[in-house]
There are 2 protein chains.
Amino acid sequence: MSHHDLKLGAPDCGDCPIRHRAVCARCESDELKRLEEIKYYRSFQAGQTVIWSGDRMDFVASVVTGIATLTQTMEDGRRQMVGLLLPSDFVGRPGRSAAAYDVTATTDLVMCCFRKKPFEELMSTTPHIAQRLLEMTLDELDAAREWMLLLGRKTAREKIASLLAIIARRDTSLKLKSAKGAFTFDLPLTREEMADYLGLTLETVSRQMSALKRDGVIGLEGKRHINVPNFDRLMEETGDDSDGGMLG
Amino acid sequence: MSHHDLKLGAPDCGDCPIRHRAVCARCESDELKRLEEIKYYRSFQAGQTVIWSGDRMDFVASVVTGIATLTQTMEDGRRQMVGLLLPSDFVGRPGRSAAAYDVTATTDLVMCCFRKKPFEELMSTTPHIAQRLLEMTLDELDAAREWMLLLGRKTAREKIASLLAIIARRDTSLKLKSAKGAFTFDLPLTREEMADYLGLTLETVSRQMSALKRDGVIGLEGKRHINVPNFDRLMEETGDDSDGGMLG
DNA sequence: CTTTCCATTTGATTTGGGTCAAGGCACAGG
DNA sequence: CCTGTGCCTTGACCCAAATCAAATGGAAAG
């Protein structure tokens, strides 16, 4: 990892989303001052739409806190989530003026935005920004491809288990309760949002959640609070080959 | 489009896959000579595996001629295609040493490879390469997201129609036969490969192809030769909102 | 010309998940 | 305290696509 490993709007950099400044005093001069100038924050309430597909989008942004989703909708109303944005994730495409997807805040949300025009200019003069963005985009592409396997080939039960594992793995607030891998977290999605993520109906999601509970794979307190007594057991249900990188 | 719109291994640049040289004499000096030095060609026969998931991969490459696929396989053998590489598409990830997917030649294939180490070095000193790569990766991400909608929410018939439209749209050898949008092309995939693309079984693919033929949406000569009397009619079957950019 | 070998088609049957339809539960407002 | 109103669960039934099983057809080999 070079000293240029800047994060565009990472959550763990305190007030300033550009962790770079904290990481690398050496580069403090030009490019970063410029980034500071063109950045601004926007907040959204849970349920609010950030932007509709097709709307003009004159910024790029990254999530500071909260969760947002990207979804596509067909004319007849069928919906598929195509992106789940957690803190530090990036939205928006340099070189495109209209949003390609609906972006919605599923929890209260703070985003760190950069005006697009100057961001693009900065990108063309600052190689490290493009390189960092490339890295992040490649990660997203990998995630999208894993998601395609899920959508195309997994059973409903495997889909649910996979989603729980994905959320658990990325939930930074997640506290391990034992060496065995027991832990607890809150679902940030409604059953319907889970269904849109997984290519299922909300009824099927509900049924499979109940089934995983019945079989002791997960515990459910209320509708949203999940506890996983044994992460390995959950992973067995996903259909993936073991491991998967669960280790902070 | 700047004069820096280099293509990494584009097909339309004659012997040299880097169209940049043809487009931009101005930049001919350093970076491109270096690219020339680290590039080499590899050929594969139809059906041959280019690389297995998990194998060490010390190059990045782009397709010059032919078609390759990226697939993921679960332990029990369920397979999902996650990438379809047509001429000018790029494979391989700077900053990763092992292949993440199986890459297979579905037709005879020529790839233009760049040794990874020097390519990465070149990338870090040449901003335009990273920027071009970012652009291509963002395009792939968009394609992956459209594919996710297909896998998660479309019916078998819509999936088949969508795949035919996608192939037709990207087939450079495709000849329009009339203003109405009639044309003809050869399927580059077997029924099984189509099934792996679409998250279906090969039987379902076959049945839906027959149904589209019966309904006059497509014509079939032999197993592979498709003719589409009316592209708009095919598009109606995809479930997508109209247009879609069919105008090469 | 016959045989083998695939890829593909087609048919019969099963099934996982969708659809439709009631409830249940928790919380906010009157 | 009652009554909406969102979410979620559960049940009954249905259907699109999977599965299992032949049959067809075309191309290459003998």
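Naming: A, B, ... by sequence-line order, numbering from 1 per chain. No experiment lies behind these values; they were computed from the predicted model shown.
Among the protein residues, Ser206(B) comes within range of the nucleic acid bases, having at least one heavy atom under 4.0 Å from a base atom.
Note: CZ (Arg224(B)) to P (dG25(D)) measures 19 Å, nearest angstrom. Computed from coordinates, the Met194(B) CE to dT8(C) P distance equals 9 Å when rounded to whole Å. The nearest whole Å value for the distance from the NZ atom in Lys159(A) to the P atom in dG16(C) is 14 Å. We find that CZ of Arg191(B) is positioned 12 Å from P of dA7(C), with the value rounded to whole Å. Rounded to an integer number of Å, the gap from Ile160(A) CD1 to dG16(C) P is 16 Å. In this structure, Glu193(A) atom CD and dG6(D) atom C1' are separated by 13 Å, rounded to whole Å. Note: NZ (Lys223(A)) to P (dG23(C)) measures 17 Å, nearest angstrom. Rounded to whole angstrom, the span from the CG atom of Leu220(B) across to the P atom of dT9(C) amounts to 7 Å.
A salt bridge links Arg233(A) with Glu237(A); the closest basic N to acidic carboxylate O contact falls under 4.0 Å. Here Arg96(A) does not pair with Asp139(B) in a salt bridge; the nearest charged N to carboxylate O distance is not below 4.0 Å.
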Is there any protein nitrogen or oxygen under 3.5 Å from a nitrogen or oxygen in nucleotides 17-19 of chain C, and what are the pairs?
{"unit_1": "dG17(C)", "atom_1": "OP1", "unit_2": "Ala156(A)", "atom_2": "N", "d": "2.9"}
{"unit_1": "dG18(C)", "atom_1": "OP2", "unit_2": "Thr201(A)", "atom_2": "N", "d": "3.4"}
{"unit_1": "dG18(C)", "atom_1": "OP2", "unit_2": "Thr201(A)", "atom_2": "OG1", "d": "3.1"}
{"unit_1": "dG18(C)", "atom_1": "OP2", "unit_2": "Thr204(A)", "atom_2": "OG1", "d": "2.4"}
{"unit_1": "dT19(C)", "atom_1": "O4", "unit_2": "Arg207(A)", "atom_2": "NH2", "d": "2.7"}

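Using cut-offs of 30° and 60° on the angle between ring planes, the pair Tyr197(A) and Trp147(A) is parallel.
Residue pairs meeting the ring pair (Phe, Tyr, Trp, His ring centres under 6.0 Å) criterion with at least one member in residues 63-87 of chain B: none, sequence neighbours excluded.
Counting heavy-atom neighbours within 6.0 Å of Glu192(B) CD, excluding the residue itself, gives a total of 12 or less.
Not one N or O on the side chain of Arg145(A) forms a donor-acceptor pair closer than 3.5 Å with the backbone of Glu140(A).
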